[in-house]
Amino acid sequence: MRKLLSSLNPEQRHAVMHTQGPVLVLAGAGSGKTRVITVRTAYLMSGGVPAENILCMTFTKKAAREMRERLKGMVGKDRADGLTVCTFHALCVQMLREAGEKIGLPKRFTICDATDQITVVKKVLRQLHIAETSVRPWDAKSAISLWKNCLVSPEQALDAACDDREILMAHAFEKYEERLLHSRLLDFDDLLLRGLQLLKEDKASRELFQNRWQYLMVDEYQDTNAPQYAIIQHLTGKKRNLCVVGDDDQSIYGWRGADVSKILRFPDDFPGAEIVRLERNYRSTAPILEAANRVIANNTTRHDKTLIPVIEGGEKPRIMQCDDETHEARLICDEIRLRVEGGDASFGQHAILFRTQTQTRAFEAELRSRGIPYVLVGGMSFFDRKEVKDVLCYLRLLANADDESALVRILDAPPRGVGKATMAKAVDWAIKHGISANAAFQHSEEAGIAKGPARAYSELQSSLEVLRLQLEEGRALTDVMRDMISAVDYRAEVERSYPDEQEQMMRWNAVMEMLNFSQNYERSCKRKKKKPTLHGFLEAIVLSATEDTSAEDASKRGSVTLMTLHAAKGLEFPRVYLVGLEEGLLPHRRSALEDSIPEERRLAYVGITRAERHLTLSFATTRAKMGKAKTSHPSRFLFEMTGKDPYDGWVPIEQSLGFTGQSS
DNA sequence: TGTGTCCGAGACGAA
DNA sequence: CTCGGACACA
């Protein structure tokens with residue numbers, strides 16, 4: 001422990017050793033904020049605080065995983081296992097599973113993801129006779145989510161609506177909530193809202209959890225939104241043992257209702273709070289920090305601070321001009337391969353960061369064709385595959401027969417004689433009577449559902465019912481799942497949809513891979529002496545808390561990391577490629593309309609400050625949009641960074657390859 | 001009423 | 001290029 005403490009600077013040490021009462025750590029990127037949390041946790045434990053009484057909260061699962069890894073290294077695996085290190089959402093699920101019935105939550109709710117939200121939104125838009133051309137489902141989903149994350153009710157949203165579009169979306173919001181309720185679904189935002197409701201309304205639960213988690217730590221506090229903030233308030237009991245760390249320059253979740261002012265208000269919320277500032281950057285070289293400082297200085301409303309480098313020397317960031325996204329990917333992948341083959345670096349030291357998920361495609365193709373190992377973070381690429389989603393939806397239906405959005409998805413995969421006309425009738429009737437579509441099928445005749453489809457539907461449900469009973473009797477999840485796949489004849493769907501035999505094989509392999517997942521889940525439950533349940537399995541997947549991280553991390557160590565800037569926050573890599581620095585992409589096209597250029601700038605800042613030694617910024621002069629090549633212009637952030645026209649300062653492609661630059 | 005195919009519009013970020 | 005909706009056919 002002494003060794004850990006002596007590795008900190010005086011300010012960090014102060015924050016670590018100030019264990020009683022509220023502490024605010026305000027600091028720039030790379031100044032060791034997260035280190036404060038982890039060492040503080042170890043310090044608390046060395047002082048006799050049981051691991052079970054410590055709660056560390058993060059915003060992304062990646063950050064949670066990373067933090068847990070670091071803690072394992074400090075206090076050992078066994079003691080780290082007792083700690084609660086998770087995202088706000090995972091925390092809420094835990095609380096709700098334990099005590100959700102206290103606030104009247106249905107016992108068997110299912111969590112739904114963004115795709116399901118869109119499904120539900122589409123349905124309510126149709127119900128309200130709103131054309132999808134006037135209100136795009138995706139936009140309505142975002143608006144609803146933002147409302148919920150700002151603790152705005154449908155009524156309040158309607159009151160505050162100032163144009164037709166907002167009125168329509170507010171109406172959709174109201175219906176959306178109804179539909180979710182009847183499907184026994186909770187979306188991600190509900191997890192926070194219900195978690196908060198539980199803490200607020202049920203005194204016993206509140207005291208239970210306050211007592212359990214006597215020491216709270218929150219990473220990236222600048223990203224807390226209203227429900228998360230209120231959850232922290234309620235969990236922090238009279239003892240007020242709360243330590244938050246954050247940086248206003250890294251606030252990148254405005255679209256999720258995060259409010260930077262909360263970090264500034266902390267001393268008012270928690271009078272007597274100890275405030276610690278960390279200003280020295282231990283992560284990056286001076287030239288990289290200079291670029292970061294220059295960009296972020298263009299934001300006007302911020303705490304004026306400059307990152308002070310500890311590491312001296314180092315090479316300047318490079319700017320790379322490319323013809324198009326394929327060229328960009330090719331150059332970067334070639335360079336990575338050269339570096340690794342030359343013994344200069346390992347694959348695991350490289351990260352490729354981008355603004356949008358669609359940018360992954362070109363990189364994945366190039367990496368794969370070179371046989372370079374890579375890990376795609378956050379994109380859930382495996383779970384996004386159609387066949388995997390289908391299987392998951394069957395599982396959801398198994399867990400919750402009322403789950404409408406799962407039902408819609410698999411009803412005709414494979415076709416079984418009940419199609420969308422029937423489904424529409426069932427849903428109409430369900431909406432009219434305030435019940436689920438599943439319940440409406442029980443009243444087929446009244447709902448005007450023809451005999452044939454009605455029978456086909458009940459055949460589906462009864463074959464699922466058999467499996468449900470088997471689960472209740474304790475049959476292993478993986479076995480039930482295997483039977484389910486054959487009971488619904490999913491193989492037929494794979495064969496029907498993909499005439500190409502090789503593709504068929506790949507798709508079917510992915511389905512089989514799901515069985516491995518459930519087996520791993522069962523195994524990890526056994527390790528933790530928990531009972532494996534279908535609900536638990538689905539939650540592990542939707543929250544991506546799949547405990548099989550050791551395998552993932554092992555492979556990651558030797559792999560290039562591909563991720564969005566949002567996912568990259570809190571992480572660091574020796575060699576970073578920040579790609580697609582173009583107007584319309586970073587800053588994103590939408591940000592101009594929403595008046596959120598400063599947030600885009602912070603996003604760029606986050607990207608730059610991930611780099612430890614080498615930073616490469618790239619832009620393409622043309623980029624394919626919707627299958628067509630469009631001209632792109634270099635990002636204003638490149639201009640801000642260099643103080644001159646990007647075209648003037650870029651490193652020619654020839655030089656960016658090979659080993660022309662000095663290496664430190 | 002269910003299924004197959006063609007065509008047209010379409011992309012932000014995380015849990 | 002990739003999804004989902006409309007439309008034609010069974």
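When reading the values below, keep in mind they use all heavy atoms of this one structure, side chains included, and skip hydrogens, waters and symmetry mates. Chain letters run A, B, ... following the sequence lines, proteins first and then strands; every chain starts at 1.
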Are there any protein N/O atoms within less than 3.5 Å of an N/O atom in nucleotides 6-8 of chain C, and if so, which ones and at what distance?
none

Taking only the C1' atom of each, what is the distance from dA6(C) to dA11(B) in whole angstrom?
22 Å
Under 4.0 Å, counting only non-hydrogen atoms across every strand here, what does Phe88(A) touch: a base, just sugar-phosphate, or nothing?
nothing
Drop me the distance from His588(A)'s NE2 to Trp255(A)'s CH2, to the nearest 0.5 angstrom.
12.0 Å
Just compare dA15(B), dG13(B), dG5(C) and give me whichever is closest to any side-chain atom of His89(A).
dA15(B)
State plainly whether the residues Arg97(A) and Glu539(A) are in salt-bridge range, i.e. N to O under 4.0 Å.
yes
Report which part of the nucleic acid Arg496(A) touches: base, sugar-phosphate, or nothing (heavy-atom distance under 4.0 Å, all strands).
sugar-phosphate
Aromatic ring proximity His566(A)/Tyr253(A), centre distance under 6.0 Å
yes
Contact class for Lys628(A) vs. all strands (heavy atom < 4.0 Å): base, sugar-phosphate, or nothing?
nothing
Answer yes or no as to whether dG13(B) has its base stacked against Trp255(A), where stacking requires a ring-centre separation under 5.5 angstrom and planes under 30 degrees apart.
yes
I need the Phe209(A) CZ to His234(A) NE2 distance, nearest 0.5 Å.
13.5 Å
Is there a side-chain contact between Lys625(A) and Ser632(A) in this structure, where contact means two heavy atoms from C-beta onward sitting under 4.5 Å apart?
yes
Would Arg361(A) and Glu364(A) pass as an ion pair if we require N to O under 4.0 Å?
no
Classify Lys451(A) by what it touches in the nucleic acid, base, sugar-phosphate, or nothing, heavy-atom distance under 4.0 Å.
nothing
